[in-house]
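Computed from a predicted model, the values in this text were never measured in an experiment.
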Amino acid sequence: MKSNRLLRRGPALALVVAGTLAASILRVQAQAKGTVENFTATAVNVTGAPDPVKIDLLRWSTDAEREQVFNALSEKGEKEFLNVLSKQPTLGYVWTSESAGYSVRYAYQTVAPDGGERVVVATDKPLGSWNPQIWKGTATATANAYEFTVIELRLNRRRGTGEGKSSVFAKVTADKTAKTIILENYTGATVVLKDVKALQKAGAAAAQTGKPQGR
């Protein structure tokens, strides 16, 4: 009986080990390539909370990449948006407590009139794909069923701190003025990331492709 249980657990254990190994390799690759931005935060208002979250960006989306993703959403809708998003290069990773990370396929930042910063990143998989028990809506909020994840961070750059919201609870839409994807009614959306901190100085990203407006 014991040997049978071990045999049944074998494939599942192999997947866990493979996922953990893949995550370690991706982290090393990200460190080796260097990053333009690093953010840390803690998840709230989802079933896995409090869950540590880290976002490492290798670079920002180019204008051409941004336009492809933006046009797909604004002109053809969510299905084509996901199709185009999944074909974009890996720009970084979103790390949670899950065994593997999520490839960032879209990363863009803009500066608000008050000097604050809006950072939008998107993955072509919903957070919680590796562990279905986390990143679901709690009893107090209704979650969306998107097959991707869009995270919008709002930061006070002087302090390098802020909050984040996501497509878990907010509708994803196209901002035709800034020509980027955003969360609709950000102010009224449920917070999913608290204690957001930018670990790298803001000026480090200025020389990279996709620098924010106003710099």
*Salt bridge Lys54-Asp56, side-chain N to carboxylate O under 4.0 Å*: yes
*Apart from Val44 itself, which Ile, Leu, Val, Met, Phe, Trp or Tyr residues share its cluster (side-chain heavy atoms under 4.5 Å, direct or through members)?*
Val191
*Can you tell me how far OG1 of Thr35 sits from CD1 of Ile55, rounded to the nearest 0.5 angstrom?*
12.5 Å
*Tell me, please, which residues at least two apart from Asn83 pass side-chain contact (heavy atoms from CB on, under 4.5 Å).*
Glu80, Lys87
*asked:* Tell me the closest heavy-atom pair linking Tyr106 and Val104, and the distance in Å.
replied: O-CG1, 3.2 Å
*asked:* Looking at every heavy atom in both Pro126 and Thr149, which two are closest together, and how far apart are they?
replied: CA-OG1, 3.1 Å
_Once ring pair (Phe, Tyr, Trp, His ring centres under 6.0 Å) is applied, what residue pairs with a partner in residues 71-91 remain, sequence neighbours excluded?_
Phe81-Phe148
_Which atom of Ala43 lies closest to which atom of Val46, heavy atoms considered_ = CB-CG2, 4.0 Å
_Summary of salt bridge (charged side-chain N to carboxylate O under 4.0 Å, His left out) pairs that have at least one residue in residues 120-130, sequence neighbours excluded_ = Arg105-Asp124
_Between Lys197 and Phe39, is the side chain to side chain contact (heavy atoms under 4.5 Å, CB included) condition met? List the steps._
CA-CA 5 Å; Lys197 296 180 181 178; Phe39 303 97; over 6 Å; no
If you look only at distance, which donor and acceptor atoms sit under 3.5 Å apart when one is on a side chain in residues 165-175 and the other is two or more places apart or in another chain?
residue, atom, partner, partner atom, Å
Lys165, NZ, Tyr186, O, 2.7
Lys165, NZ, Thr187, O, 3.2
Lys165, NZ, Ala189, O, 3.0
Ser166, OG, Val168, N, 3.1
Ser167, OG, Val150, N, 2.9
Asp175, OD1, Thr177, N, 3.0
Asp175, OD1, Ala178, N, 3.2

*Ile151 and side-chain contact (heavy atoms from CB on, under 4.5 Å): which partner among Val192, Val196, Leu193, Leu183?*
Leu193
*Do you know the tightest heavy-atom contact between Arg66 and Lys179?*
NH1-O, 2.8 Å
*So how far is it from Glu78 CD to Leu85 CG, rounded to the nearest 0.5 Å?*
12.0 Å
*Compare every heavy atom of Ser97 with every heavy atom of Asp51, then report the nearest pair and how far apart it is.*
OD1-OG, 2.6 Å
_Worked verdict on Ile181 versus Tyr108 for side chain to side chain contact (heavy atoms under 4.5 Å, CB included)_ = CA-CA 9 Å; Ile181 58 174; Tyr108 189 65; over 6 Å; no
*Are Val120 and Leu73 linked, directly or through other ILVMFWY residues, by side chains that come within less than 4.5 angstrom of each other?*
yes
*asked:* Side-chain heavy atoms nearer than 4.5 Å, only ILVMFWY residues, links allowed to pass through others: does that put Leu153 and Tyr102 together?
replied: yes
*Residue pairs passing the side-chain hydrogen bond (donor to acceptor under 3.5 Å, both in side chains) test where at least one lies in residues 128-137, sequence neighbours excluded*: none
*Under a 4.0 Å N-O cut-off, is there an ion pair linking Glu65 with Arg59?*
yes
_Side-chain donor or acceptor of Ser61 paired with backbone N/O of Ala107 under 3.5 Å_ = yes
*Just how far is it from atom CG of Leu91 to atom CG of Leu57, taken to the nearest 0.5 Å?*
8.0 Å
*Path from Val119 to Val94 over hydrophobic side-chain contacts below 4.5 Å*: yes
*Indicate yes or no: at least one non-hydrogen side-chain atom of Arg118 is less than 4.5 angstrom from one of Ile182.*
yes
